[in-house]
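Each remark here refers to the structure printed beneath this line.
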Amino acid sequence: MSIQDLPPEFEPLLNRLLDSPAEEISQSEFDQFQAYLSSNPEAMQYYFDYLDINLGLQSDMKARLEALEQTFKTHHTQQPQAAPQPTVVRRAAFLRYSVVASCSLLLGLLLAWSFAGYFPGNRAPDPQSVKEDRTYLATLTRSTDCVWGSESPPEFSGQRLMSEDLVLEQGVAEFRFDTGVRLIIEGPTKISLVTSCCAKLDYGKMVLHGYEPAPEFSLITPLLTLHDIGTEYGAQIHPDGEVDLHVFEGAVRVDPNQKNDQFAESVIIEEGQARHLNDRQIEDIQLEPELFKREVPGTPENLQAQRQELKAYDSFHPPEILDPEQTSPWQNSGIGWVNPWRTPKTGGRANQSFSHPRESLARTEVAPSQLGLLELRGGISFFRKLKQPVRLDVNAIYYVSFYMQKVKTDQKNQAYQYGNFALMSSAQQTHPPKIRMGMSMNNYAILQADMQIIERAPPLQSGETYLFVAKIVASEKALDQVFMRAFAESESIPDQEPAVWTCVTTPFEASHEFDVARFHVGKNSTYLFDELRIGSTWSSVVDPDLPRLVLEQE
């Protein structure tokens with residue numbers, strides 16, 4: 001919906017509301033504008049879109065709407081009817097009233113939709129394609145040269161997994177359970193994911209890396225159950241169910257699956273020890289760490305394979321630095337884009353004055369071809385279309401990263417001091433969905449996806465640069481999920497994705513296609529942005545050398 005599709009009188013009224021130098025609007029103009037909002041759904045949607053852009057992310061949408069609804073009721077039930085007053089209404093008062101009225105209407109719509117089982121942007125339920133709502137237990141973090149023999153094998157590294165049976169015929173794979181425990185298996189191995197604290201191994205080789213804050217993890221074999229105690233251990237389960245156990249760190253408690261006289265109590269195998277076990281006897285064997293794959297082999301050595309993992313990149317570096325530098329054309333730099341950066345989704349080219357072509361927010365030294373960053377202030381938005389959309393209707397994994405710094409200002413009012421990056425759709429939709437991440441007006445890390453808004457302490461600091469990294473798990477027949485981590489300058493960036501994220505959504509059902517990237521800041525704030533990446537692996541969005549290698553190959 002664009003403003004050109006609305007009645008021609010609507011735009012002048014909206015501009016009168018927003019830009020009146022005297023900050024006032026007449027009563028007749030007020031009534032006319034309110035009539036457009038009440039009778040024209042497109043006008044109401046356009047106005048909501050304006051509020052969405054300019055009010056910023058709210059930490060609790062439902063509570064906010066309920067509070068506004070109560071304010072609206074109080075306003076009408078407690079205020080006496082006054083005689084006609086002069087024909088001038090303050091713009092600030094109108095804004096408050098219009099926001100309350102609009103949100104009151106929106107709350108009513110949301111309640112009606114919830115009772116009907118319908119939410120805007122969702123397709124009608126299809127009994128043949130309803131996504132599974134089983135609980136996720138783990139993530140296939142990495143895999144190398146894997147051949148799966150199970151009926152529903154994992155399709156890619158980063159895929160979220162539910163309770164299921166998996167057969168790895170060859171290769172090496174790592175599972176990170178939601179408790180933080182990591183399990184590395186080497187084919188041929190048959191494993192069943194039972195809960196986030198338990199797995200069953202019928203046969204094969206594995207290495208378990210314990211995680212101190214996690215509950216005790218149980219590995220069930222045909223004859224024995226192994227419990228980790230702050231452990232890294234390797235185990236080989238033979239076809240007859242007997243186990244070779246090698247403890248590298250910590251200790252392992254071993255219980256038989258069925259009690260018997262020969263194995264009446266738990267047995268503790270200490271660090272540095274190795275045992276051959278069945279449910280009736282224990283034999284000492286030599287500790288041999290080299291028998292096991294304790295980590296999955298690293299990133300692909302083939303540059304072309306790494307290039308394919310990096311879907312879009314922009315360092316905002318102009319191909320030529322002009323005099324003055326701020327006029328250098330940075331809008332069409334990078335890879336993976338359809339068009340240059342623009343101010344509205346379908347409007348004009350972004351202004352050069354927002355560029356700093358010789359500076360960088362990157363925490364590591366970058367090549368000259370990567371210098372450059374953006375400065376956004378005063379409620380501005382920049383949009384750019386992706387060649388390869390982020391799709392939630394397929395089985396896929398996406399990662400997004402960018403640097404962001406809030407510039408210290410003298411503004412005492414915290415309102416409109418947010419900044420964020422978003423993935424959106426270019427399709428005309430009544431209620432356009434988005435995935436949005438960044439810094440709230442309260443200076444907290446914030447993530448929005450689907451109907452969820454997650455805001456997390458501690459507060460982020462003005463003048464400090466943060467690396468935001470998000471992981472988007474998309475599923476064709478299962479639920480989707482989004483994770484986000486904000487790394488401070490003092491934190492090291494891990495080679496593997498972290499066990500702990502700053503913000504995590506609950507699983508949700510969506511089938512959106514996001515083909516537009518957007519940077520946006522509130523009207524009272526100034527933010528710097530740099531090094532935007534969208535990829536299919538963790539390393540593709542955090543490896544400091546990959547963009548340089550890819551740009552050199554272009």
Side-chain angles (χ1 to χ4, degrees), residues 14-15 17-19 23 46-61 63-65 67-68 91-92 94-96 98-100 102-103 316 341-345 347 350-351 353-356 361 373-384 400 402-424 432 434-449 453-466 468 470 484 486 502-503 516-530 532:
L14 180 61
N15 291 335
L17 171 70
L18 301 178
D19 301 325
E23 294 194 354
Y46 190 88
Y47 187 61
F48 277 140
D49 288 342
Y50 166 79
L51 294 179
D52 178 57
I53 289 290
N54 288 280
L55 293 182
L57 295 173
Q58 303 297 321
S59 60
D60 190 337
M61 181 183 297
R64 176 172 170 265
L65 291 174
L68 286 168
R91 178 170 58 148
F94 170 77
L95 277 172
R96 287 193 297 271
S98 187
V99 168
V100 169
S102 301
C103 290
F316 313 106
W341 288 98
R342 302 177 183 276
T343 43
K345 278 191 283 190
N351 193 300
S353 63
F354 293 95
S355 171
H356 296 261
L361 294 181
L373 60 84
L374 294 184
E375 178 181 333
L376 274 69
R377 63 175 65 187
I380 195 71
S381 295
F382 286 167
F383 297 85
R384 198 174 189 186
V400 178
F402 59 92
Y403 287 98
M404 186 173 82
Q405 180 187 124
K406 181 179 181 181
V407 178
K408 293 181 179 180
T409 67
D410 296 330
Q411 294 274 2
K412 295 183 179 180
N413 184 3
Q414 284 293 107
Y416 306 106
Q417 290 201 26
Y418 55 85
N420 55 67
F421 171 80
L423 291 169
M424 311 173 68
K434 59 180 71 68
I435 296 175
R436 188 160 41 177
M437 62 204 76
M439 194 168 174
S440 74
M441 65 179 66
N442 298 316
N443 293 338
Y444 295 125
I446 194 164
L447 170 66
Q448 177 191 9
I453 297 177
I454 300 98
E455 188 173 8
R456 289 288 181 265
L460 308 182
Q461 302 301 313
S462 297
E464 183 172 348
T465 299
Y466 294 88
F468 283 78
M484 187 193 78
T502 308
C503 299
V516 172
R518 187 197 76 179
F519 286 109
H520 175 67
V521 300
K523 66 180 182 181
N524 291 338
S525 60
T526 301
Y527 281 84
L528 305 178
F529 296 94
D530 198 6
L532 171 62

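Separation of atoms OG (Ser525) and CZ (Arg377) is listed at 10.0 Å; rounding is to 0.5 Å. Interatomic distance, NZ of Lys408 versus CD of Gln461, reported as 8.5 Å (0.5 Å rounding). Annotation: the span from Leu447 atom CG to Glu455 atom CD amounts to 11.0 Å, rounded to 0.5 Å. Residue Ser440 holds its OG atom at 12.5 Å from CD of Gln448, rounded to the nearest 0.5 Å. Distance check, rounded to the nearest 0.5 Å: OH of Tyr403 to CZ of Phe468 gives 12.5 Å. We find the OH-SG distance between Tyr444 and Cys503 to be 12.5 Å, quoted to the nearest 0.5 Å.
Side-chain contact check for Gln417 and Lys523: no donor-acceptor pair (N or O, by modelled atom type) lies under 3.5 Å.
Scanning both residues, Met484 and Ala445, for their nearest heavy atoms gives CE-CB, 4.0 Å. Of all heavy-atom pairs between Ile380 and Thr343, the closest is CD1-CG2, 4.4 Å. Closest heavy-atom contact between Gln405 and Glu464: CG-O, 3.6 Å. Summarising the geometry of Leu528 relative to Leu373, their closest heavy-atom pair is CD2-CD1, 3.9 Å, with the distance given to 0.1 Å. Across all non-hydrogen atoms, the minimal contact from Ala486 to Thr502 is N-OG1, 3.1 Å. Contact record, Gly379 with His520: O-CE1, 3.4 Å, taken as the closest heavy-atom pair.
In this structure, Met404 and Tyr466 have side chains that are not in contact, with every pair of non-hydrogen atoms separated by 4.5 Å or more. Tyr527 is not listed as a side-chain neighbour of Val407, based on a closest heavy-atom distance of 4.5 Å or more. Counting only heavy atoms from C-beta outward, the side chains of Arg518 and Arg384 never approach each other to under 4.5 Å.
No option in Asn443, Thr526, Thr465 other than Asn443 meets the side-chain hydrogen bond (donor to acceptor under 3.5 Å, both in side chains) test with Lys406.
Between Phe519 and Phe402, the ring planes are perpendicular. Angles over 60° get that label, and only those under 30° would be called parallel.
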request  = Could you check Ile446 against Ile454 for side-chain contact (heavy atoms from CB on, under 4.5 Å), going step by step and ending with a plain yes or no?
outcome  = CA-CA 6 Å; Ile446 194 164; Ile454 300 98; over 6 Å; no
task = Decide yes or no on side-chain contact (heavy atoms from CB on, under 4.5 Å) for Phe421 and Leu532, but give the supporting numbers first.
result = CA-CA 10 Å; Phe421 171 80; Leu532 171 62; 3.8 Å; yes
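One N or O on the side chain of Asp530 and one on the backbone of Leu361 form a donor-acceptor pair closer than 3.5 Å.
Between His356 and Phe316, the ring center distance fails the sub-6.0 Å criterion.
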